[in-house]
Amino acid sequence: MALDKTFDPKIIEEKHYQDWEKSGAFACEPQSDKTPYTIMMPPPNVTGSLHMGHALNTTLQDLLTRYHRMKGYDALWQPGTDHAGIATQMIVERMLDKEGTSRKELGREKFLERVWDWKEESGGTIVKQMRAIGATPDWERERFTMDEGLSRAVRKVFVQLYKEKLLYKDKRLVNWDTKLRTSISDLEVEHREIKGKFYHFRYPYEDGTGFISIATTRPETILADGAVAVHPDDEKYKDLVGKNVIVPIINRVIPIIADEHVQADFGSGAVKITAAHDFNDFEVYKRHPDAGIPLINLFTPDGKMNENCPEDYQGLDRFEARKKVVSDFEALGFLDKIEDHVNKIPYGDRSGTVVEPYLTDQWYVDAQTMAKPAIEAVETGKMEFVPKQWENTYFAWMRDIQPWCISRQLWWGHQIPAWYDDEGNVYVAETEEEAQAEAGADVKLTQDPDVLDTWFSSALWPFSTLGWPDKTPELDKYYQTDVLLTGFDIIFFWVARMMMMGMHFMDGEVPFKTVYMHALVRDEKGQKMSKSKGNVMDPLDLIEQYGTDALRFTMVAMAAQGRDIKMSEDRLGGYRNFATKLWNAARYCEMNDCLDKHDGFDPASVTYTPNKWLIHELVTATKEIEKAIDGYKFNEAANAVYGFVWGTYCDWYLEFSKPVLQDGGDAAEEVRQTTSWALEQILTLLNPFMPFITEELYASIAQREEGDRLLTSAWPVYDDGLLDDDAVKKMQWLQNIITEIRSVRADMHVPAGAKIDLLVKGACAETKEGFTAFEDVLLRMARLKSISHVEEVPKGSIQTVVGETTLILPIADIIDLDAERARLNKAIGKIDVDIGKIDAKLGNDKFVKNAPEAVIAEQKTRKEDALMKRGKFEKALEQLDC
RNA sequence: GGGCGGUUAGCUCAGCGGUAGAGCACUUGCUCGACACGCAAGGGGUCACAAGUUCAAUCCUUGUACCGCCCACCA
């Protein structure tokens, strides 16, 4: 095969992806008796494109899916896209605007055609981009929230909830987006801190005895004022309750009422009540049914003043009207003062315009009732959040949940399955025929023009995608899905609602056993990425630059629980290097005839210690990786595999192998086999993290049968009998010797290329054996000329200590006595610090009395070792001077 | 106003009761026939601050200070 010196991700990625997809291995196997493992992909907006959040989310899901597939589960990763009502409609409307037309001009039917066209045109983008990440969901099962099947589920849910009185129509205040001309839910409103004005106005008493002062941030709503409220216990206004005042400009007579909502010590302590334009005021209105407070709507749907306003106001924009009210008050002499005021103003998260409380008829879901089982499921552990702290957020919101406004005055979405006759009677049914049947054949019906909140259909995702309401084998096998991976920003929008709907419609079974909340991907300064800040990183650019495997590995390595991810390119570069490292390890194997050499290899049968040790380390690393993935500690899994591949296999094992392979001695064949075998194990372990390079190497390093891919290989299972502590001890000793000699050489400026002699003094029998067994390795890795055992230290040599052994480097001609003296003193100093610490503990009566035996014994051994080592260094120092 | 999270090496972050870790960056050597996207050896931290619990605290408790999120109707 002959591997190139470096590899080019671009060439291999597309090739393998196409091959994987064609192989059919992404598909779940409902008819198999394998244990299912199911993940529902959070459906991205159909017209969206891939951002860093998707890249993270997709990578982690793919890691889990691949890992479980390799472990022999029947893995279903259910993909699909969301119709994203508001977002998509906005895009198409913007397109129409550029063409000089509008949705109104087109009409509903034509407009919807345009949206479907746009969906067809751009809808494939994001799923293509997910393929670039290497994602392996069951694409054959891809769903769209407005597919016929899913739409049927939506209608069925709507009708059933309606029949159960968990869904109803109501007239109340909603958050109204004047730009999009639709209601939006509480969650779609974001409060921004805005520097505004606080206007103080005077309302004269009806009896002409003076005036009361009120303050407001929204003067335009004065035109709909229905009362003035004060606190019931407020002494300064006590006598005024029941009196009437006149609203200037419109000269409406309204009462002064007492209500707890008012804060006596804020503003003047008196508040205007505008029941149809303020959520609090609406509550006040409901608490005072006898006060005769009117409900007056001032605005048209697009935020202009309507016919309920004085004529000279009609048609003005709401903010123009605000100015006019102020100037009219000023002209009338009723303007008290204007103060600067910082206030939280509600904005529509999509449109970015100020949202108005607006009195309309809308459809609501009784979320409070539906939340109860969903709360209980988390309390009892049927569903678990990872990290656990998100439970609190979930509980806090669910326990205080408000009715969910599900109707939107849009066209793109699921049209509400409710029909009206001419008298306004409503017929809720899954089809028009059924509604007609209910109403009677001769009744003319009109369907509710509104559509449902997008999240209504996404809430059904875990079961609607599996075929519900039909009882499909897939629904039966995969429904209680294993884990949901998502960002915390949609815990309320989506997770909570899936819980409510899932439990209600699936006999109380939770839609997922675990919800893994991953972090937000931020820029390297920790700021949220946004187009306006210009700090957006495009995952596809990063793939182009570093390769998909590097991007994936970075995502996994940085996905620590409970912290946001600050994305830095340095890190990406590091993991790109890791991929290259792996590539070159394979090249080494190739050059040394260590490929495809492990046919029939039994890791339990090896006899050469470095091989035993490597196998031990591989088994240990594999356990660590499994434990980390099973616990959703993705970063730990990444570190474990990285450390093993680079730190253990490349830095040590392959180096150990060099002299053995070169000499071609007895151990060579076993080393060759172990090297070859271990490389393939590494590729397998690393495959869920870096699928492309591992697949490529897998294909290149051996003659494979048709259809033999890592994608469908089995995750390794090792016997604990492969663990070998004795081999670990021996290899640690060897590594210590090598490191120690290298360290001394570097300290003493021994030229890197110079080969020197090593004299060993005081070695015990076992150690001597070690020097013999690993002579070749030591000679090469420590750059030695020879190793011999001595009784006396020759003049002018350098000494150091490993365990009970003194290592002597007779390099009198090279060394600098002062430097050596300094080195030894430094070593002694370090030991003294240690001894000091240990003595402090052992000298403490309380420690000796209370600490566990093992801890005390450990301290004592440590001290003995330190003293022994110190003695040898002291001696070395003495000998230096003689 | 509530709630949550963070504060550990220059940077990005792990660790969370028994001698402080990684990657990157930095310093010094190295063309040792896999790899300079590399190898080897180093330097660098009173683990934000204060008090408490403990034989022992970066880790547990309480409080303080910053930083960041989320939720909430002070007009």
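Computed from a predicted model, the values in this text were never measured in an experiment. Chain letters run A, B, ... following the sequence lines, proteins first, then strands; residues in each count from 1.
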Show me the pairs that pass side chain to side chain donor-acceptor pair (under 3.5 Å) and involve residues 572-585 of chain A, at least two apart or across chains.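 For residues 572-585 of chain A, and leaving out neighbouring residues, the side chain to side chain donor-acceptor pair (under 3.5 Å) pairs sorted by first residue read R571(A)-Y575(A), N584(A)-R587(A).
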Do any pairs count as a side chain to side chain donor-acceptor pair (under 3.5 Å) and have a residue in residues 849-860 of chain A, sequence neighbours left out, and if so which ones?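 Listed by first then second residue: E858(A)-R862(A).
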Atom pair distance, as rounded to whole Å: [atom1] in [X] and [atom2] in [N]:
{"X": "Q402(A)", "N": "rC71(B)", "atom1": "CD", "atom2": "P", "result": "14 Å"}
{"X": "R218(A)", "N": "rC74(B)", "atom1": "CZ", "atom2": "C1'", "result": "13 Å"}
{"X": "Y394(A)", "N": "rG3(B)", "atom1": "OH", "atom2": "P", "result": "22 Å"}
{"X": "E636(A)", "N": "rC16(B)", "atom1": "CD", "atom2": "C1'", "result": "12 Å"}
{"X": "K846(A)", "N": "rU54(B)", "atom1": "NZ", "atom2": "P", "result": "9 Å"}
{"X": "E283(A)", "N": "rC74(B)", "atom1": "CD", "atom2": "C1'", "result": "15 Å"}
{"X": "D186(A)", "N": "rA72(B)", "atom1": "CG", "atom2": "P", "result": "7 Å"}
{"X": "E624(A)", "N": "rA14(B)", "atom1": "CD", "atom2": "P", "result": "18 Å"}

Among [options], which is the nearest nucleotide to the side chain of [X]?
{"X": "F266(A)", "options": "rA75(B), rU12(B), rC55(B)", "result": "rA75(B)"}
{"X": "R587(A)", "options": "rC70(B), rC35(B), rA75(B)", "result": "rC35(B)"}
{"X": "Q389(A)", "options": "rG5(B), rC35(B), rG15(B)", "result": "rG5(B)"}
{"X": "H261(A)", "options": "rC70(B), rA34(B), rA75(B)", "result": "rA75(B)"}
{"X": "A585(A)", "options": "rA41(B), rA34(B), rC37(B)", "result": "rA34(B)"}
{"X": "T216(A)", "options": "rA34(B), rA75(B), rC55(B)", "result": "rA75(B)"}
{"X": "F847(A)", "options": "rA75(B), rA34(B), rG18(B)", "result": "rG18(B)"}
{"X": "K344(A)", "options": "rA75(B), rA34(B), rA72(B)", "result": "rA72(B)"}

Test for a donor-acceptor pair under 3.5 Å between the base of rC35(B) and the side chain of K581(A), counting only N and O atoms.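 Flag set: donor-acceptor pair detected.
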Check: rC73(B) base within 3.5 Å donor-acceptor of N280(A) side chain: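 Present.
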So what does [X] hit on the nucleic acid, given a heavy-atom distance under 4.0 Å: a base, only sugar-phosphate, or nothing?
{"X": "V848(A)", "value": "nothing"}
{"X": "D281(A)", "value": "nothing"}
{"X": "A396(A)", "value": "nothing"}
{"X": "C650(A)", "value": "base"}
{"X": "F198(A)", "value": "base"}
{"X": "H341(A)", "value": "sugar-phosphate"}

Quick check on K755(A): does its NZ atom have over 12 non-hydrogen neighbours (other residues, nucleotides or ligands) under 6.0 Å away?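 No, NZ of K755(A) has 12 or fewer neighbouring heavy atoms, counting only those of other groups under 6.0 Å.
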Is it the case that more than 12 heavy atoms not belonging to Y237(A) sit under 6.0 Å from its OH atom?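 Correct, the count exceeds 12.
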Ignoring hydrogens and angles, write down the donor-acceptor pairs under 3.5 Å from the side chains of residues 212-227 of chain A, residues two or more places apart or on other chains.
{"unit_1": "S213(A)", "atom_1": "OG", "unit_2": "F201(A)", "atom_2": "O", "d": "3.4"}
{"unit_1": "S213(A)", "atom_1": "OG", "unit_2": "D336(A)", "atom_2": "OD2", "d": "3.0"}
{"unit_1": "T216(A)", "atom_1": "OG1", "unit_2": "R218(A)", "atom_2": "N", "d": "2.9"}
{"unit_1": "R218(A)", "atom_1": "NH1", "unit_2": "E356(A)", "atom_2": "OE1", "d": "3.0"}
{"unit_1": "R218(A)", "atom_1": "NH2", "unit_2": "H277(A)", "atom_2": "O", "d": "2.3"}
{"unit_1": "E220(A)", "atom_1": "OE1", "unit_2": "R322(A)", "atom_2": "NE", "d": "2.8"}
{"unit_1": "E220(A)", "atom_1": "OE2", "unit_2": "R322(A)", "atom_2": "NH2", "d": "3.0"}
{"unit_1": "T221(A)", "atom_1": "OG1", "unit_2": "R218(A)", "atom_2": "O", "d": "2.8"}
{"unit_1": "T221(A)", "atom_1": "OG1", "unit_2": "K272(A)", "atom_2": "NZ", "d": "2.7"}
{"unit_1": "D225(A)", "atom_1": "OD1", "unit_2": "K272(A)", "atom_2": "NZ", "d": "2.7"}
{"unit_1": "D225(A)", "atom_1": "OD1", "unit_2": "T274(A)", "atom_2": "OG1", "d": "2.6"}
{"unit_1": "D225(A)", "atom_1": "OD2", "unit_2": "Y203(A)", "atom_2": "OH", "d": "2.4"}

In Å, rounded to the nearest 0.5 Å, how long is the span from CD1 of I741(A) to CG of L758(A)?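 Reported value, rounded in 0.5 Å steps: 4.5 Å.
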Taking atom [atom1] in both [N] and [M], compute the distance separating them and give it to the nearest angstrom.
{"N": "rC69(B)", "M": "rC26(B)", "atom1": "C1'", "value": "34 Å"}
{"N": "rU53(B)", "M": "rA65(B)", "atom1": "P", "value": "23 Å"}
{"N": "rG18(B)", "M": "rU12(B)", "atom1": "P", "value": "27 Å"}
{"N": "rA40(B)", "M": "rA25(B)", "atom1": "P", "value": "15 Å"}
{"N": "rU8(B)", "M": "rA50(B)", "atom1": "P", "value": "16 Å"}

Just by modelled atom types, is the E740(A) backbone N or O under 3.5 Å from a matching donor or acceptor in the S743(A) side chain?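 No; zero donor-acceptor contacts below 3.5 Å.
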Residue-phosphate contact under 4.0 Å: [X] side-chain N/O, [N] OP1/OP2:
{"X": "H200(A)", "N": "rA75(B)", "answer": "no"}
{"X": "N584(A)", "N": "rA34(B)", "answer": "no"}
{"X": "K388(A)", "N": "rG5(B)", "answer": "no"}
{"X": "S743(A)", "N": "rG42(B)", "answer": "yes"}

Positions of residues 830-839 of chain A (non-hydrogen atom under 4.0 Å from RNA chain B), listed by number: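 Heavy-atom cutoff 4.0 Å gives D834(A), K837(A).
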So which atom in D340(A) and which in K197(A) form the shortest heavy-atom distance, rounded to 0.1 Å?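 Shortest heavy-atom separation between D340(A) and K197(A) comes out as OD1-NZ, 2.8 Å.
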At their closest point, which heavy atom of M398(A) faces which heavy atom of A496(A), and how far apart are they?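 Looking at all heavy atoms of both residues, the closest pair is SD-CB, 3.8 Å.
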Taking the nucleotide of RNA chain B with the closest heavy atom to each, which residue, N635(A) or V855(A), is nearer the 5' end?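 First, find each residue's nearest nucleotide; the 5'-ward one identifies N635(A).
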For F492(A) and R576(A), take the nucleotide of RNA chain B holding the closest heavy atom to each; which residue's nucleotide lies nearer the 5' end?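 Counting from the 5' end, the first nearest nucleotide belongs to R576(A).
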F553(A) and side chain to side chain contact (heavy atoms under 4.5 Å, CB included): which partner among L572(A), L686(A), I693(A)?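 With F553(A) as partner, L572(A), L686(A), I693(A) yield a single side chain to side chain contact (heavy atoms under 4.5 Å, CB included), made by L686(A).
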Worked check of side chain to side chain donor-acceptor pair (under 3.5 Å) between T554(A) and Y546(A): CA-CA 11 Å; T554(A) 307; Y546(A) 298 97; over 6 Å; no
Check D839(A) with K863(A), please: is the shortest side-chain N to carboxylate O separation under 4.0 Å?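 Yes, this pair counts.
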Are the charged groups of K658(A) and E655(A) less than 4.0 angstrom apart, N to O?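 Answer for the salt bridge query: yes.
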Below 3.5 Å is the cut-off: list the nitrogen or oxygen pairs between protein and nucleotides 22-33 of chain B, distance only.
{"unit_1": "rC32(B)", "atom_1": "O2", "unit_2": "R783(A)", "atom_2": "NH1", "d": "3.3"}

Under 3.5 Å for both distances, Watson-Crick or G-U wobble, that's the pair rule; now give the dot-bracket for RNA chain B, with | marking pairs to another strand and [ ] for crossing ones. ((((((((.[[[[.)..(..]]]].(((((.......))))).....[[[[[..)....]]]]])))))))....
